[in-house]
Amino acid sequence: MKLCYLFLIIYLLCQGLAAQEMPSPSYQIIQTRNAVQYKNYYLLTLFEQLPEFRQTLSTDTVLNAIYQLKTLRINEAIKTCRTDITCYAKALKFTDDEISGIGNRLAKLYTENNLFGRLIKNHLIPSGCYALFAKEQHQNLLIKAWEQDANAINYAIGVYVEGNKPNYPKIDSISFKIKDKEFAELTAANAWLALQGNNKLFFEPTMQFALQALELNERNDAADYEPMNKGVNLTAIQQIKKVDWKKYPYSVILVPGAGPEEKDVALSPGGMIRCRLAALQYKKGMAPFIVVSGGRVHPYKTKFSEAYEMKKFLMEVLQVPESAIIMEPHARHTTTNLRNCARLMFRYGMPADKAGMVCTVKSQSYYITDILPERCKKELGYYPYKSGKRLSETESEFYLNTNSLQIDFDEPLDP
């Protein structure tokens, strides 16, 4: 009996430790005015927004020396680069030595019970933003979170300053011709602005340069409709708290977007059909919510949001109430339709063990169940969802995976 009791204690302790390494649905993301920043670079946002970190990092001699050297390089670039875009980018981007040196310094500053230890336990792990590193030793998790943010900033500069190819060139490429004198002038001004104001932490000039480059390219898509929990999704979130989940087979009906290719078309025929399929399932009582998913994707730099236009169609044409519609206006392809829906299900407090339903046309429905999981694994590095049963030619089940909360460093428009 004593042995069984001992095993029970050990089991409960292990369960408690495991829970500490998992994302928490009650965790509230610390937001800034610039949603592009906190969605792409969450560790660095915490460094900026939590006063104890700003004080510690700004007075650290090693990190301050890195900042001073970076400032000298940027000022030199402003004076000498002229029309050489690569010259500006080289001065602003984090070098491999800087990334390594900063990582080593953060590791030395870390102890389990100091502010860095608390940052990991109270923010990095429960946020899920670095979910793929959650099982690492906490000191290593801190280093990897820094490396992810630094690489994300470098990636944005590479694409939207240097003109490197993004993952999806047809929809996400730079807006400028990099040899244009006007672009060089804008880039020089961007570099100068990155040194102004209160940008005194070791990472701030480079981060601001990247954020301003995205802005110049009209690529602040990650900020569209944010904060959604206080705006476009507020009515639905209020309804979530009232739902008796036992009454519904599924938590949500996900509608993946289908962007039109014509510049002046707001909603494609495919989007309309998918909305009608979803509305049919909603009116059957299959789920209390429809999630419409899709950003400003097709054609290149369109002003129309797939999710917004589908929500409008559902409400105005199909008479679905706003309280039953959740907008996900950031996904740029099918992998992130599923990933972003899983994120919202978790963040908005839906039951994690209850399946969602994907509702779309036959070809995409089979693509989602048969092919998409391995594409997700290849492009995202993990499976953001688990496929369930096939329900019909146009409907299938899926279950959320909390790995979906992981920030994607090389997709700045939808990280």
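- Just one of R105, K93, R73 meets the salt bridge (Lys or Arg N to Asp or Glu O under 4.0 Å) condition when paired with E98; it is R73.
- With 3.5 Å as the limit, one finds a donor-acceptor pair spanning the side chains of Y130 and D149.
- When all heavy atoms of A188 and Y88 are compared, the closest pair comes out as CB-OH, 3.3 Å.
- A donor-acceptor contact shorter than 3.5 Å is absent between the side chain of Q49 and the backbone of T45.
- At a cut-off of 3.5 Å, with distance as the only test, a side-chain donor of N233 or Y348 sits close to an acceptor on the other residue.
- In this structure, a donor-acceptor pair under 3.5 Å is absent between the side chains of Y41 and Q148.
- When atom types are taken as modelled, the side chain of N190 and the backbone of L186 share no donor-acceptor pair closer than 3.5 angstrom.
- Taking the six-membered ring where the residue is Trp, F183 and F176 present parallel rings, their angle staying beneath 30° rather than reaching 60°.
- A salt bridge links D414 with R339; the closest basic N to acidic carboxylate O contact falls under 4.0 Å.
- When atom types are taken as modelled, the side chain of T336 and the backbone of H333 share a donor-acceptor pair closer than 3.5 angstrom.
- Looking at K241, its side chain never comes within 3.5 Å of a backbone N or O of G349 through a donor-acceptor pair.
- For the residue pair N199 and Q208, no side-chain donor N or O sits within less than 3.5 Å of a side-chain acceptor on the partner.
- Pairs passing the ring-ring contact (aromatic ring centres under 6.0 Å, His included) check and including a residue from residues 261-300, sequence neighbours excluded, do not occur.
- Counting only residues at least two apart or on different chains, the side chain to side chain donor-acceptor pair (under 3.5 Å) pairs with a member in residues 243-260 are Y250-E397.
- Between the side chains of Q31 and E226, no donor-acceptor pair is found at a separation under 3.5 Å.
- At least one donor-acceptor pair closer than 3.5 Å links the side chain of K70 to the backbone N or O of A91.
- Of all heavy-atom pairs spanning Q406 and R343, the tightest one is O-NH2, 2.8 Å.
- Side-chain polar atoms of Y366 and E393 form a donor-acceptor pair below 3.5 angstrom.
- Screening T206, L211, L92 for a side chain to side chain contact (heavy atoms under 4.5 Å, CB included) involving I153 leaves a single residue, T206.
- At least one donor-acceptor pair closer than 3.5 Å links the side chain of R274 to the backbone N or O of G257.
- Judged purely by atom type and a 3.5 angstrom limit, D60 has no side-chain atom pairing as donor or acceptor with the backbone of T56.
- Scanning both residues, L214 and Y160, for their nearest heavy atoms gives CD2-CD1, 3.5 Å.
- With F202 as the partner, the ring-ring contact (aromatic ring centres under 6.0 Å, His included) test is satisfied by one option alone out of W146, Y67, F53: W146.
- Taking a 6.0 Å sphere around NZ of K283, one finds it holds more than 12 heavy atoms contributed by other residues, nucleotides or ligands.
- Contact check on K301 versus E218 returns a salt bridge, with a Lys/Arg side-chain nitrogen under 4.0 Å from an Asp/Glu carboxylate oxygen.
- Within 6.0 Å of atom NZ in K354, more than 12 heavy atoms from other residues, nucleotides or ligands are found, so the atom counts as buried in its surroundings.
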